[in-house]
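Scroll down for the structure; my scribbles are underneath it.
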Amino acid sequence: MVLVVALLTFGLLLAGVAVFLAVRDDGGEGGGGPVVLREPLTFQLVAEQSAPPCAAGTVPDDGAGTCYRLGPERMTVERVERIEAALQGPENGQAGWTVQLELTPADGAEFGRLTGKAAEQPDGSDGRLIAMIVAGTVISAPMVQDPITGGEVMISGDFDRAAAEDLVRRMTGR
């Protein structure tokens with residue numbers, strides 16, 4: 001009888017671990033493993049930005065403060081290896097909160113090509129912006145300084161913890 005109870009307990013524990021891992025791969029939020037995004041995340045080069053009202057052929061940001069005319073160069077990801085809000089110290093050159101994103105190897109190579117095209121544009125131009133689009137809305141449009149190769153992306157800005165976590169939530173659709 002004790003053996004039956006032990007086997008049943010072990011079976012339930014194993015099933016719980018399997019469910020946890022399945023949920024984790026389907027959209028856990030943060031640095032622990034692969035994340036399948038609820039909505040695809042599109043990275044698209046910006047051709048021009050303007051103030052509202054948004055003209056035909058432009059896409060608004062989620063705060064309705066900027067309109068973006070997008071260029072033809074883009075890529076879409078449905079899964080990332082890791083995404084998290086992280087506090088950076090000054091030793092990394094980025095003090096404050098950031099969003100760290102690790103793309104799959106194939107997406108990392110494509111992202112390197114896309115950011116290389118943005119980095120070729122004149123300093124300070126709208127062409128250096130890459131719009132991050134979820135469900136037809138620009139959730140962020142960071143400026144690219146240099147090509148980002150290797151699939152490790154750090155999005156920095158004037159983020160506090162809540163803003164960085166909110167960007168992660170919007171990127172993952174959670």
Side-chain angles (χ1 to χ4, degrees), residues 17-46 49 54 58-68 70-71 73-119 126 128-174:
V17 170
V19 166
F20 172 79
L21 291 175
V23 167
R24 188 75 203 131
D25 188 48
D26 188 46
E29 269 190 56
V35 178
V36 176
L37 307 176
R38 288 196 183 189
E39 293 277 340
L41 171 63
T42 298
F43 295 96
Q44 191 162 354
L45 295 183
V46 171
Q49 62 179 334
C54 295
T58 63
V59 178
D61 70 0
D62 64 349
T66 306
C67 306
Y68 296 93
L70 303 173
E73 295 287 332
R74 68 187 224 169
M75 67 173 286
T76 300
V77 299
E78 296 181 358
R79 178 181 175 276
V80 297
E81 294 296 325
R82 177 181 57 85
I83 184 169
E84 64 186 338
L87 182 60
Q88 296 294 309
E91 67 278 358
N92 295 331
Q94 295 289 336
W97 284 89
T98 64
V99 173
Q100 296 180 358
L101 175 68
E102 182 181 349
L103 300 169
T104 65
D107 288 337
E110 180 66 13
F111 193 73
R113 185 192 66 73
L114 190 66
T115 57
K117 286 192 174 280
D126 291 347
R128 281 202 172 223
L129 299 173
I130 291 190
M132 298 169 26
I133 304 162
V134 175
T137 301
V138 176
I139 62 168
S140 185
M143 178 78 63
V144 174
Q145 302 300 322
D146 296 302
I148 301 169
T149 59
E152 296 278 336
V153 180
M154 182 173 25
I155 303 165
S156 60
D158 189 21
F159 297 135
D160 60 13
R161 180 180 186 158
E165 289 174 347
D166 183 58
L167 184 55
V168 168
R169 182 189 54 75
R170 289 182 292 152
M171 290 172 70
T172 60
R174 308 219 179 276

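From a predicted model like this one, the values you see are computed outputs, not experimental measurements.
- For Thr42, the side chain to side chain donor-acceptor pair (under 3.5 Å) partners at least two apart in sequence or on another chain are Thr76.
- For the pair Arg113 and Met75, the minimum side-chain heavy-atom distance is 4.5 Å or more.
- Residues Glu84 and Glu165 fail the side-chain proximity criterion, which asks for heavy atoms closer than 4.5 Å.
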Please set out all donor-acceptor pairs under 3.5 angstrom arising from side-chain atoms of residues 128-147, sequence neighbours excluded.
unit_1, atom_1, unit_2, atom_2, d
Arg128, NE, Gln121, O, 2.9
Arg128, NH1, Val144, O, 3.2
Arg128, NH1, Gln145, O, 3.0
Arg128, NH2, Ala119, O, 2.8
Arg128, NH2, Gln121, O, 3.2
Arg128, NH2, Asp123, OD1, 3.0

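- The salt bridge (charged side-chain N to carboxylate O under 4.0 Å, His left out) check on Glu152 picks up Arg82, with sequence neighbours excluded.
- Residues Thr98 and Ile155 have side chains not in contact (no heavy-atom distance under 4.5 Å, counting atoms from C-beta outward).
- Asp166 meets the side chain to side chain donor-acceptor pair (under 3.5 Å) test with Arg169, Arg170; sequence neighbours excluded.
- When every heavy atom of Trp97 is checked against every heavy atom of Ala164, the shortest pair comes out as CB-CB, 3.9 Å.
- Residues satisfying the side chain to side chain donor-acceptor pair (under 3.5 Å) test with Gln49, not counting sequence neighbours, are Asp126.
- The distance from atom CD of Glu110 to atom CZ of Phe43, rounded to the nearest 0.5 Å, is 11.5 Å.
- Scored by the ring-ring contact (aromatic ring centres under 6.0 Å, His included) test, Phe159 finds no partners at all (sequence neighbours excluded).
- Arg79 has its side chain within reach of Thr104: a pair of non-hydrogen atoms, C-beta onward, lies under 4.5 Å apart.
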Under the side chain to side chain contact (heavy atoms under 4.5 Å, CB included) rule, what do Met171 and Ile83 come out as? Steps first, then yes or no, please. CA-CA 9 Å; Met171 290 172 70; Ile83 184 169; 3.8 Å; yes
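- Between Leu45 and Leu70 there is no side-chain heavy-atom pair separated by less than 4.5 Å.
- Remark: Tyr68 pairs with no residue by the ring-ring contact (aromatic ring centres under 6.0 Å, His included) rule, at least two apart or across chains.
- Partners of Glu78 by side chain to side chain donor-acceptor pair (under 3.5 Å), not counting sequence neighbours: none found.
- Taking the salt bridge (charged side-chain N to carboxylate O under 4.0 Å, His left out) definition, one finds that Arg74 meets it with nothing, sequence neighbours left out.
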